[in-house]
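Structure record follows, encoded as structure tokens.
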Protein chains: 2
Amino acid sequence: MLTPERHRKIIERLGEKQVVTIQELVEATSSSESTIRRDLSQLQKEKKLKRVHGGASLLHQKSEELSIVEKSARNSLEKERIANFAAMIVNDGDCIYIDAGTTTHLMIPHLKDKAVTVVTNGISHLEALTEHQITTYLVGGLVKPKTKALVGSGALNSLSSYRFDKCFLGINGIHLEAGFTTPDPEEASVKRMALSLSQEAFILADHSKFNEASFSKVADLHEAVILTNEMDEDAAYDFEDKTEIRVVTP
Amino acid sequence: MLTPERHRKIIERLGEKQVVTIQELVEATSSSESTIRRDLSQLQKEKKLKRVHGGASLLHQKSEELSIVEKSARNSLEKERIANFAAMIVNDGDCIYIDAGTTTHLMIPHLKDKAVTVVTNGISHLEALTEHQITTYLVGGLVKPKTKALVGSGALNSLSSYRFDKCFLGINGIHLEAGFTTPDPEEASVKRMALSLSQEAFILADHSKFNEASFSKVADLHEAVILTNEMDEDAAYDFEDKTEIRVVTP
DNA sequence: TTGAATTTGAATGTTTTTGATTGAAAAATG
DNA sequence: CATTTTTCAATCAAAAACATTCAAATTCAA
């Protein structure tokens with residue numbers, strides 16, 4: 001019996017019974033104890049199982065992983081407030097663009113009862129959007145595996161055939177000289193395009209984003225309205241005549 | 001026995017059994033051990049299988065956990081066979097289109113070790129694709145909540161900027177006069193467009209699809225190759241000169 | 001038909017896998 | 001706690017599978 005076939009049988013048995021003895025496997029595969037031992041060692045190295053005295057057992061069942069959305073939103077009531085605030089700006093019948101990202105994701109449940117049409121480049125938003133029966137268009141493009149965002153020329157192309165009443169963008173840095181910035185140039189292009197297609201543009205940003213700048217510029221400060229939830233006096237004064245800032249009132 | 005015929009037999013056996021021994025193949029093809037070894041080496045280079053000591057195994061040994069989608073289609077071993085067969089047609093470096101749908105979804109794990117670029121309109125495919133580190137482009141368009149497929153003019157537009165070596169489509173009906181048909185006109189348009197952008201087009205269809213017709217025509221029979229796993233004599237005869245049919249198991 | 005190119009199968013020596021054996025380590029038993 | 005039994009890792013020789021080479025057979029093109 002060939003090695004992969006034995007390995008497959010071992011894993012299979014484990015799947016059914018949670019634990020197997022070496023003796024059992026010796027019979028099932030009609031090979032020697034030594035061979036089975038070697039198999040188990042190898043499979044253990046591949047993280048397919050755990051060896052135990054006399055046999056092998058399943059690895060500790062994978063702990064249910066929270067979605068990125070739930071994870072990051074959990075410790076940030078702040079973001080939830082901003083998202084809710086942003087959703088209130090949306091009118092019945094609006095066609096809006098929602099950027100990929102965690103903060104913008106939180107807007108979705110609040111759009112429930114508005115007859116909006118949403119365009120997005122965030123794949124992670126889809127489940128929530130369809131669940132709330134929101135008419136959704138996805139832009140095309142290259143899938144960025146890490147952030148599940150759509151980027152690249154395909155996305156820009158796709159976007160160019162839409163026009164928005166409003167767009168809602170996440171951002172990494174808001175800086176007096178640098179403007180709105182984000183680390184990935186590909187994502188920046190998409191944001192920039194969405195912004196240029198919108199009548200009104202909104203940036204969702206918690207206080208940590210102010211006076212920060214990262215690699216790629218999305219737009220100048222005056223091109224979008226900032227939605228935030230906290231703002232110290234001095235900072236507000238600096239930004240005052242450069243851009244419009246709307247602060248969530250608690 | 002000619003080389004391509006041997007190769008076909010080897011792939012075929014693998015599709016059935018996950019793993020084959022060299023001895024087995026020597027008998028089945030009545031050629032020498034050396035020849036079979038050479039065949040296996042070549043097929044391995046083409047990423048059609050993996051050599052193991054004593055024989056060969058499928059690239060994707062399915063000891064790993066099945067996703068929900070894969071699970072739900074599991075009772076249909078038939079579909080799995082067809083999907084595996086389809087995946088073997090894909091060469092290293094190909095740019096392919098994978099249609100939304102459950103049968104086509106099952107192809108994904110088998111593409112694991114080929115350097116393919118995938119374009120798809122199936123949102124449900126994304127997780128599996130990114131998990132297997134496959135470069136993926138999503139077409140844009142309206143999200144069909146039920147099937148999680150992307151359709152509409154956005155999808156057609158998006159698609160039009162790509163060209164494919166091969167495309168793999170699911171279908172609802174294969175009929176002598178009606179050709180390839182599917183219930184939703186929107187999805188039919190997308191399939192048609194993908195087909196027209198491909199050098200070669202493949203339809204994945206189990207036997208239940210033959211001699212059925214539904215509402216929207218995708219293409220004429222001669223425009224694509226049918227991959228199926230079962231074919232009764234009479235039916236095969238009818239279709240013979242209208243289209244090419246490749247059957248998984250004889 | 002001839003000659004070159006390819007494919008094939010046998011022969012070679014090498015590498016990998018295998019199962020038995022060993023004494024050490026770990027569990028089970030009294 | 002000591003003893004017995006089981007399981008373990010390490011070692012080794014035999015067997016199986018391997019890559020490589022080469023000559024014969026086949027295919028292809030001129």
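Side chains are part of it too, since the values below use all heavy atoms of this structure and drop only hydrogens, waters and symmetry mates. Here the structure is a predicted model, which means the values were calculated and not measured.
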**Item:** Ring centres under 6.0 angstrom apart (B/Y162, B/Y97)
**Value:** no
Check whether [X] reaches the backbone of [Y] with its side chain - one donor and one acceptor, N or O, closer than 3.5 Å.
X      : Y      : result
B/T243 : B/F239 : no
A/K48  : A/L43  : no
A/T120 : A/I98  : yes

**A/R38, nearest nucleotide to its side chain (from C/dT18, D/dT21, C/dT7)** =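 Taking heavy atoms from C-beta onward, the closest nucleotide is C/dT18.
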**Fill in**
Side-chain contact check for B/S34: nearest option of C/dA10, C/dT8, C/dG19 is C/dA10
Can you measure [X] atom [atom1] to [N] atom [atom2] for me and round it to whole angstrom units?
X     : N      : atom1 : atom2 : answer
A/Q42 : D/dA9  : CD    : P     : 14 Å
A/K45 : D/dA9  : NZ    : C1'   : 13 Å
A/E5  : C/dT17 : CD    : C1'   : 16 Å
A/D39 : C/dT18 : CG    : C1'   : 11 Å
A/Q44 : D/dA9  : CD    : P     : 9 Å
A/R6  : C/dT16 : CZ    : C1'   : 12 Å

**Among A/K9, A/H7, A/Q44, side-chain contact (heavy atoms from CB on, under 4.5 Å) partner for A/D39** =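 By the side-chain contact (heavy atoms from CB on, under 4.5 Å) criterion, A/D39 pairs with just one of A/K9, A/H7, A/Q44: A/H7.
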**Message:** Applying the side-chain contact (heavy atoms from CB on, under 4.5 Å) criterion to B/L138, which one of A/V139, A/L150, A/L142, A/N121 satisfies it?
**Reply:**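 Exactly one candidate clears the test, A/L150.
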What I want to find out is whether [X] reaches [Y] closely enough, with some N-O distance under 4.0 Å, to be called a salt bridge.
X      : Y      : result
A/E24  : A/R13  : yes
B/K191 : B/D99  : yes
B/K50  : B/D113 : no

**N or O in side chain of B/T35 less than 4.0 angstrom from C/dG9 OP1/OP2** =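 Yes, within the criterion.
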**Request:** Please determine if a side-chain N or O atom of A/S32 lies less than 4.0 Å away from the OP1 or OP2 oxygen of C/dG19.
**Result:**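 So the side chain of A/S32 is within the cut-off, an N or O lying under 4.0 Å from OP1 or OP2 of C/dG19.
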**Fill in**
Angle separating the five-pair end axes of the helix from C/dT1-D/dA30 to C/dG30-D/dC1, nearest 10°, is 40°
Which atoms of nucleotides 13-19 of chain D (N or O only) lie under 3.5 Å from a protein N or O atom, and what are those distances?
unit_1	atom_1	unit_2	atom_2	d
D/dA17	O4'	B/H53	NE2	3.2
D/dA17	O3'	B/G54	N	3.0
D/dC18	OP1	B/V52	O	3.3
D/dC18	OP1	B/G54	N	2.7
D/dC18	OP2	B/R37	NH1	2.1
D/dC18	OP2	B/R37	NH2	3.3
D/dC18	O5'	B/R37	NH1	2.9
D/dA19	OP1	B/R51	NH1	3.2
D/dA19	OP2	B/R51	NH1	3.3
D/dA19	OP2	B/R51	NH2	3.3

